[in-house]
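First the structure, in the form of structure tokens, and then the observations on it.
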Amino acid sequence: MDLGIAGKWALVCGASKGLGYGCASALAQEGVNLVINARNPEALQAAAQRLQSLAPQVKVLAVAADITTGQGRDAVLSAPGGPGVDFDILVTNAGGPPPGDFRDWDRDAWIKAVDANMLTPIELIKATVDGMAARGFGRIVNITSSAVKAPIDILGLSNGARSGLTGFVAGLARSGIAARGVTVNNLLPGKFDTDRLRTTFTAAAGKTGKSVDDVRGAQQALVPARRFGTPEEFGAICAFLCSVHAGYMTGQNILPDGGLYAGTF
Ligand SMILES: NC(=O)c1ccc[n+]([C@@H]2O[C@H](COP(=O)([O-])OP(=O)(O)OC[C@H]3O[C@@H](n4cnc5c(N)ncnc54)[C@H](OP(=O)(O)O)[C@@H]3O)[C@@H](O)[C@H]2O)c1
């Protein structure tokens, strides 16, 4: 299927590895020009080179910056050679907040989580959405978490901050932009095989005295698909949401999780 988005410009945040890279890679293979972002410049540059060799016909610009800061957002939105704020596609993403007990979190911990996982996507949307609407085409995909639908107790910072974003998006998606060709959807990853997931296994192994392989096996056994998802699978869903074919789908929370969420809806 031709997704119909070749030649468009996408900003993909948190894209040097993991789910963000999966999205960038799927979009590049559809002929989409990219501005990719992450903090570590070497890892980001290496990712840009991989993307460029996957899709030599597209432009790939790498902007190393912390997307949760105003300065970082300004840098990606004014990347030399990029489209400025005139992106056709926006994929918001940043690291998730740390796990813990809410009794230990002070105001600063909450502000940091809300900044990274709620206000940063909203700021990026604010900078780009009206241009999309004026041009009659826009696709916004926020990478959130299955924890929005099925909260995980130790991830209270994530449950809270991402639910705030989800509520905001539900309203925005159904506002005037819907009639002007702009969709806004959230992708809620279940368990995907990325560095972040592997780090949580190592931490759990350290706490319980089990081996990392045992922790991994036990987690995998909980998933009806009996495996974790891959960044490529995640990227393919993201690219479809960004396609011309997904124009009638907005304000949705899509949960790729191998069947882990046990509800009918
Ligand atoms: N993997 C899963 O199973 C899973 C499940 C539920 C939710 N999620 C959520 O999905 C998101 C992506 O997860 P992932 O598994 O792909 O993580 P990952 O493999 O650790 O990759 C995270 C990416 O984001 C970048 N990043 C992190 N903080 C950033 C910042 N402040 N500014 C710019 N770039 C930043 C990282 O590069 P730098 O470190 O160099 O900046 C990296 O490129 C996270 O929010 C995570 O909580 C993941």
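Numbering of ligands and ligand atoms starts at 1, following listing order. When a residue number appears, it is its place in the shown sequence, counting from 1.
Of the polar atoms of Ser146, none of the N or O atoms is found under 3.5 Å from an N or O of ligand 1, judged by distance alone. At least one N/O-N/O distance between Phe192 and ligand 1 falls below 3.5 Å. Ligand 1 has no N or O atom lying under 3.5 Å from any N or O atom of Thr68, backbone or side chain.
A 6.0 Å sphere centred on CZ of Arg107 holds no more than 12 heavy atoms belonging to other residues, nucleotides or ligands. At most 12 non-hydrogen atoms from other residues, nucleotides or ligands lie less than 6.0 angstrom from CD of Gln71.
Side-chain atoms of Glu233 never come within 3.5 Å of backbone atoms of Pro231 as a donor-acceptor pair (strictly under, hydrogens ignored). Judged by distance alone, the side chain of Asp66 and the main-chain N or O of Arg39 form no donor-acceptor pair under 3.5 Å. Between the Arg180 side chain and the Gly136 main chain, no donor and acceptor come within less than 3.5 Å of each other. No side-chain donor-acceptor contact under 3.5 Å links Arg162 to the backbone of Asn117. Listed for the Ser145 side chain is no donor-acceptor partner under 3.5 Å among the backbone atoms of Leu188. In this structure, Asn185 contributes its side chain and Met249 its backbone to a donor-acceptor pair below 3.5 Å. Between the side chain of Asp88 and the backbone N or O of Trp9, at least one donor-acceptor pair lies under 3.5 Å.
Every atom of ligand 1 with a heavy atom of Gly18 under 4.0 Å away is listed here by number and element: 16 (O), 19 (O). If you number the atoms of ligand 1 from 1 as listed, the ones under 4.0 Å from a heavy atom of Asn40 come out as 40 (O). Ligand 1 places these atoms under 4.0 Å from at least one heavy atom of Ala94: 11 (C), 44 (C), 45 (O). Of all atoms in ligand 1, numbered sequentially from 1 with element shown, those under 4.0 Å from a heavy atom of Leu19 are 10 (O), 16 (O), 48 (C). Close contacts between ligand 1 and Ile143 involve ligand atoms 10 (O) [criterion: under 4.0 Å to a heavy atom]. Within ligand 1, counting atoms from 1 as listed, the ones closer than 4.0 Å to a heavy atom of Asp66 are 30 (C), 31 (N), 32 (N). Below 4.0 Å from some heavy atom of Asn37 lie the following atoms of ligand 1, by number and element: 33 (C), 34 (N).
Heavy atoms of Lys191 found under 4.0 angstrom from ligand 1 belong exclusively to the backbone. Under 4.0 angstrom from ligand 1, the non-hydrogen atoms of Arg162 all belong to its side chain.
A 4.5 Å side-chain heavy-atom check between Asn93 and Val12 finds every atom pair outside the cut-off. By the 4.5 Å heavy-atom criterion applied to side chains, Ser25 and Leu51 are counted as neighbours. Inter-residue side-chain proximity for Arg139 and Leu241 is flagged as unmet; no heavy-atom pair is nearer than 4.5 Å. Using a 4.5 Å cut-off on side-chain heavy atoms (C-beta onward), Ile36 and Ser16 make no contact.
Atom 26 (N) of ligand 1 has its nearest heavy-atom neighbour, among Ala64, Gly95, Ser145, in Gly95. When the heavy-atom distances from atom 7 (C) of ligand 1 to Pro189, Pro231, Gly96 are ranked, the shortest goes to Pro189. Distances from atom 34 (N) of ligand 1 to the heavy atoms of Cys13, Ala24, Ala38 show the closest one on Ala38. Looking at Arg39, Arg198, Lys17 and measuring to atom 38 (P) of ligand 1, the nearest heavy atom belongs to Arg39.
Atom 15 (O) of ligand 1 has its closest protein heavy atom at Thr194 OG1, 2.5 Å. Taking atom 32 (N) of ligand 1 as the reference point, the nearest protein heavy-atom neighbour is Ile67 N, 3.0 Å. Taking atom 36 (C) of ligand 1 as the reference point, the nearest protein heavy-atom neighbour is Ser16 OG, 4.1 Å. Considering only non-hydrogen protein atoms, atom 17 (O) of ligand 1 sits nearest to Arg196 CB, 3.5 Å. The closest protein non-hydrogen atom to atom 12 (C) of ligand 1 is Asn93 OD1, 3.3 Å. Scanning all protein heavy atoms for the shortest distance to atom 25 (C) of ligand 1 gives Gly14 CA, 3.5 Å.
Contact annotation: Ala65 has at least one heavy atom less than 4.0 Å from an atom of ligand 1. The shortest heavy-atom distance from Gly190 to ligand 1 is under 4.0 Å. The shell of residues lying under 4.0 angstrom from ligand 1, judged by heavy atoms, excludes Glu42. Within the 4.0 Å heavy-atom cutoff, Ala43 does not count among the residues contacting ligand 1. Contact analysis puts Thr144 in contact with ligand 1, with a non-hydrogen atom separation below 4.0 angstrom.
For Lys112 and Asp115, the salt-bridge test fails: no basic side-chain N is under 4.0 Å from an acidic carboxylate O.
Residues in residues 68-87 take part in these salt bridge (Lys or Arg N to Asp or Glu O under 4.0 Å) pairs, two or more places apart or across chains: Asp86-Arg135.
Residues satisfying the ring-ring contact (aromatic ring centres under 6.0 Å, His included) test with Phe192, not counting sequence neighbours, are Phe234.
In this structure, atom 22 (C) of ligand 1 is not in close contact with the protein, since no protein heavy atom lies within 4.0 Å of it.
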